[in-house]
Amino acid sequence: MRALTHRWPTSVTQARALQERLRERVVCTDRLRRVRYVAGVDVGFEAEGEITRAAVAVLGFPDLRLREYAIVRRRTRFPYVPGYLGFRELPAVLEALKRLQLRPDLLVCDAQGYAHPRRVGLASHLGLVAGLPSIGAAKSRLIGTHAPVPRRRGCWRPLLDAGEIIGAALRTRTGVKPVYVSIGHRVSLPTAIGYVLRLTPRYRLPETTRAAHALASHGEPLRTNSATGRHAAGSPSGA
DNA sequence: GCGACAG
DNA sequence: ATCTTGTCGC
């Protein structure tokens, strides 16, 4: 289970061809070790999108305390095209992952994984190139349909596409909009749902996502999480 | 041709 | 994603 490597396409046509090859490598079953560190990944933009800012926040599990983080800024090289998000955001994310001293046991992305037209959304793509188990927990839907989800926390309905279960619309907190959970890589859907629930003790979005988001947009950790350990060398800068 | 469309 | 304050509702 080594990390897979590839070049970064410039065109959508090229990117689509790559996704068609990547999809065969996605592992939909549980192939993860005991989770001690869960990493949240998020990306923001500066200068009208010309600069990509990637942040990774590593939390202890199950305590959810921030242990380490890294922020990287890079020139944006690929446009936003629905279905090709990984090509736009992952180069910077991988750079941030490299700066960590800790090796996360699981990655949580604020994007789709398997719930994608070709079954290789950003979360799956990242799992493959990082060589780590991953899951997708998106705020909104890319594709698929689902029945109404009961309003209680923990309730979910399968997200369907062409008769296949590609993910789940999960109520992470009572009364809030569902979060779209899908497998990324080396994790089963039930396991992915389980982790997302354990990562949402208080808010709609996973603590991992919230921690990474705070770093990617404000450049500093959430007050409630301030790191106990060391941070990645050189916080809000990057190559 | 007409919508839909992660971040 | 980003531009941005207050405001409606539980």
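Lettering follows sequence order; numbering is per chain, from 1.
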Give me the distances for all protein-to-nucleotides 5-7 of chain B N/O pairs that come in under 3.5 Å?
unit_1 : atom_1 : unit_2 : atom_2 : d
B:dC5  : OP1    : A:R141 : NH2    : 2.5
B:dA6  : OP2    : A:Y80  : OH     : 2.4
B:dA6  : N7     : A:G83  : N      : 3.1
B:dA6  : N6     : A:G83  : N      : 3.4
B:dA6  : N6     : A:G83  : O      : 3.1
B:dA6  : N6     : A:Y84  : N      : 3.0
B:dA6  : N6     : A:L85  : N      : 3.1
B:dA6  : N1     : A:L122 : N      : 3.1
B:dA6  : N3     : A:Q112 : N      : 3.1
B:dG7  : OP1    : A:K139 : N      : 3.0
B:dG7  : OP1    : A:K139 : NZ     : 3.2
B:dG7  : OP2    : A:S140 : OG     : 2.9
B:dG7  : O3'    : A:D110 : OD2    : 3.4

List the atom pairs, with distances to 0.1 Å, where a side-chain N or O of residues 75-84 of chain A and a protein N or O form a donor-acceptor pair under 3.5 Å, not counting sequence neighbours.
unit_1 : atom_1 : unit_2 : atom_2 : d
A:T76  : OG1    : A:G49  : O      : 2.7
A:T76  : OG1    : A:E50  : O      : 3.2
A:T76  : OG1    : A:T52  : N      : 3.3
A:T76  : OG1    : A:T52  : OG1    : 2.6
A:Y84  : OH     : A:R118 : NH2    : 3.1

In terms of the angle between their ring planes, are A:F87 and A:W8 parallel, tilted or perpendicular, with boundaries placed at 30° and 60°? perpendicular
Here the salt bridge (charged side-chain N to carboxylate O under 4.0 Å, His left out) pairs for residues 119-134 of chain A, sequence neighbours left out, are A:R119-A:D161, A:R119-A:E164
Show your reasoning for whether salt bridge (Lys or Arg N to Asp or Glu O under 4.0 Å) applies to A:R21 and A:E24. CA-CA 6 Å; A:R21 280 189 290 139; A:E24 303 167 19; over 6 Å; no
side-chain hydrogen bond (donor to acceptor under 3.5 Å, both in side chains) with A:S188: which residues, sequence neighbours excluded? A:D30, A:T191
Polar side chain donor-acceptor pair, A:H213 to A:S217, under 3.5 angstrom: yes
Listing, residues 170-177 of chain A side-chain donor-acceptor contacts under 3.5 Å, not counting sequence neighbours, or none:
unit_1 : atom_1 : unit_2 : atom_2 : d
A:R171 : NE     : A:P150 : O      : 3.1
A:R171 : NH1    : A:V176 : O      : 2.7
A:R171 : NH2    : A:V149 : O      : 2.3
A:T172 : OG1    : A:R204 : O      : 2.6
A:R173 : NH1    : A:T200 : O      : 3.2
A:R173 : NH1    : A:P201 : O      : 2.9
A:T174 : OG1    : A:R153 : N      : 3.1

Applying side-chain contact (heavy atoms from CB on, under 4.5 Å), name anything that partners A:R33, two or more places apart in sequence or on another chain. A:R103, A:D105
Check: protein-nucleotides 4-10 of chain C nitrogen or oxygen pairs below 3.5 Å:
none

Got a sec, which residues hit side-chain hydrogen bond (donor to acceptor under 3.5 Å, both in side chains) with A:T5, two or more places apart in sequence or on another chain? none
Sorted by chain and number, sequence neighbours left out, salt bridge (Lys or Arg N to Asp or Glu O under 4.0 Å) with A:E46 holds for A:R53, A:R73
Test A:S124 against every option in A:I135, A:V26, A:L22 by the side chain to side chain contact (heavy atoms under 4.5 Å, CB included) rule and name the one that passes. A:V26
For DNA chain B, the dot-bracket pattern of Watson-Crick and G-U pairs whose distances stay under 3.5 Å, | for other-strand partners: .......
With sequence neighbours left out, what residues match A:D42 under salt bridge (Lys or Arg N to Asp or Glu O under 4.0 Å)? none
Whenever both distances are under 3.5 Å in a Watson-Crick or G-U wobble pair, mark it; put DNA chain C into dot-bracket that way, with [ ] for crossing pairs and | when the partner is on another strand. ..........
